[in-house]
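Below is one structure, written out as structure tokens; comments come after it.
Keep in mind it's a predicted model, so treat the numbers as computed, not measured.
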Amino acid sequence: MLLTADIGNTSITLGIFDEDALVEEFRLASDKDLPLEEYEVLLKSLFKNFSVKGCIISSVVEELNEKFKSAVKNVFKIEPLFLSTEINTGIKIALDKPQEAGADRIANAAGAFVLYEKPVIVVDFGTATTFDIVNKNGEFIGGIIAPGLNLQMKVLNKFTSKLPKIDVAISNSAIGHNTQDAILSGVIRGSAGMIDGLVEQCEKELGEKAVLVATGGYSGLICSYLKRPFDFINPTLTLEGLRYLYQLNKLSCCVK
């Protein structure tokens with residue numbers, strides 16, 4: 001079985017695949033201070049019923065790379081593959097500086113390249129809200145990075161003296177009749193308006209309508225506030241992209 005790991009700034013998403021089927025998914029906190037031994041215990045506990053023979057990791061947290069790599073090696077006795085522009089990404093990365101592309105965004109673009117018609121715009125709701133865009137020629141041409149929903153909530157609380165810290169939730173009305181509802185409207189409905197506007201601008205630059213795909217934890221929440229709904233909501237797109245890239249690179253190694 002294949003272990004896929006997406007290490008983000010807030011959480012680590014783990015998926016276990018049996019061939020092409022996602023069997024189980026887990027989520028851990030991205031804790032830079034957690035010792036190696038604790039990550040080993042977590043991996044042993046979560047995957048005690050699975051025979052893990054391969055692993056691919058995408059990470060945007062440098063401080064966790066060696067620790068998580070060592071945990072995988074120690075627990076499963078395998079060498080994990082790290083996603084970067086140094087491996088076969090299966091898609092042309094047509095950015096000004098390809099090496100700057102985040103591993104999670106490459107996984108999203110690769111997954112979208114395989115699963116959907118082109119052009120395609122992936123909106124990923126994580127610590128940041130990102131757009132990853134694959135054009136009609138199947139090239140990852142870039143996208144957009146904006147503050148995520150939770151990050152907006154934290155910033156409003158941290159950099160003001162009176163605004164409370166609240167959790168992401170449903171916004172019942174555009175006009176907030178109390179502070180909490182006003183914040184929810186600004187963050188939730190404001191983000192939806194941003195997405196609508198940016199999708200329109202991206203499609204104008206692409207010269208045609210694109211397939212619109214959402215992934216990430218809040219994709220289901222935000223969709224009800226959009227003027228144009230997502231064509232697909234795929235919460236596991238990043239993991240599916242990782243699975244595809246592992247198989248692609250494994251095949252390349254075998255061919256050599």
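The closest donor-acceptor contact from the side chain of T89 to the backbone of T85 lies at 3.5 Å or more, if one exists at all. Using modelled atom types, one side-chain atom of S173 and one backbone atom of I175 make a donor-acceptor pair closer than 3.5 Å. With hydrogens and angles disregarded, a donor-acceptor distance shorter than 3.5 Å links the side chain of S70 to the backbone of E66. Using a distance-only test at 3.5 Å, with no hydrogens or angles considered, no donor-acceptor pair links the side chain of K44 to the main chain of V75. Between the side chain of D132 and the backbone N or O of N108, no donor-acceptor pair lies under 3.5 Å. The backbone N or O of L221 sits less than 3.5 Å from a side-chain atom of S224, completing a donor-acceptor pair. Of the possible polar contacts, none joining the S185 side chain to the A182 backbone as a donor-acceptor pair under 3.5 Å is found. A distance-only check finds a donor-acceptor pair linking the side chain of N249 to the backbone of N88 [under 3.5 Å]. One N or O on the side chain of E203 and one on the backbone of A210 form a donor-acceptor pair closer than 3.5 Å. Although no hydrogens or angles enter the test, the distance criterion places no donor-acceptor pair under 3.5 Å between the side chain of N137 and the main chain of E139.
A 6.0 Å sphere centred on CD of E208 holds more than 12 heavy atoms belonging to other residues, nucleotides or ligands. Atom CD of E62 has 12 or fewer neighbouring heavy atoms from other residues, nucleotides or ligands inside a 6.0 Å radius. No more than 12 heavy atoms of other residues, nucleotides or ligands sit less than 6.0 Å from atom CD of E200. Atom NZ of K118 has more than 12 neighbouring heavy atoms from other residues, nucleotides or ligands inside a 6.0 Å radius. Heavy atoms of other residues, nucleotides or ligands lying less than 6.0 angstrom from CD of E24 number more than 12.
Between L156 and V187 there is a side-chain heavy-atom pair separated by less than 4.5 Å. The closest side-chain heavy-atom distance from S30 to I12 is below 4.5 Å. Counting heavy atoms from C-beta on, the side chains of I141 and L206 come closer than 4.5 Å. Using a 4.5 Å cut-off on side-chain heavy atoms (C-beta onward), E240 and L22 make no contact.
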Checklist line | From CA spacing to verdict: ring pair (Phe, Tyr, Trp, His ring centres under 6.0 Å), F47, F26 | finding: CA-CA 10 Å; F47 300 102; F26 303 97; 5.3 Å; yes
Next item on the list: Please report the C-alpha distance between R105 and I145 in whole Å, then the side-chain angles of each, then the deciding distance to 0.1 Å, and finally whether the side-chain contact (heavy atoms from CB on, under 4.5 Å) criterion is met.
Entry: CA-CA 10 Å; R105 299 185 66 200; I145 302 173; 3.8 Å; yes
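Within the model, atoms CG of N178 and CG of D181 stand 4.0 Å from one another, a figure rounded to the nearest 0.5 Å.
Under 3.5 Å, the side chains of R243 and T4 contain no donor-acceptor pair of N or O atoms. Between the side chains of S59 and N65, at least one donor N or O sits under 3.5 Å from an acceptor N or O. Between the side chains of N234 and T215, no donor-acceptor pair is found at a separation under 3.5 Å.
For the side chain to side chain donor-acceptor pair (under 3.5 Å) test with T127, the passing option among N9, T10, N150 is T10; the others fail.
Taking the six-membered ring for Trp and thresholds of 30 and 60 degrees, Y116 and F232 have ring planes inclined between 30 and 60 degrees apart.
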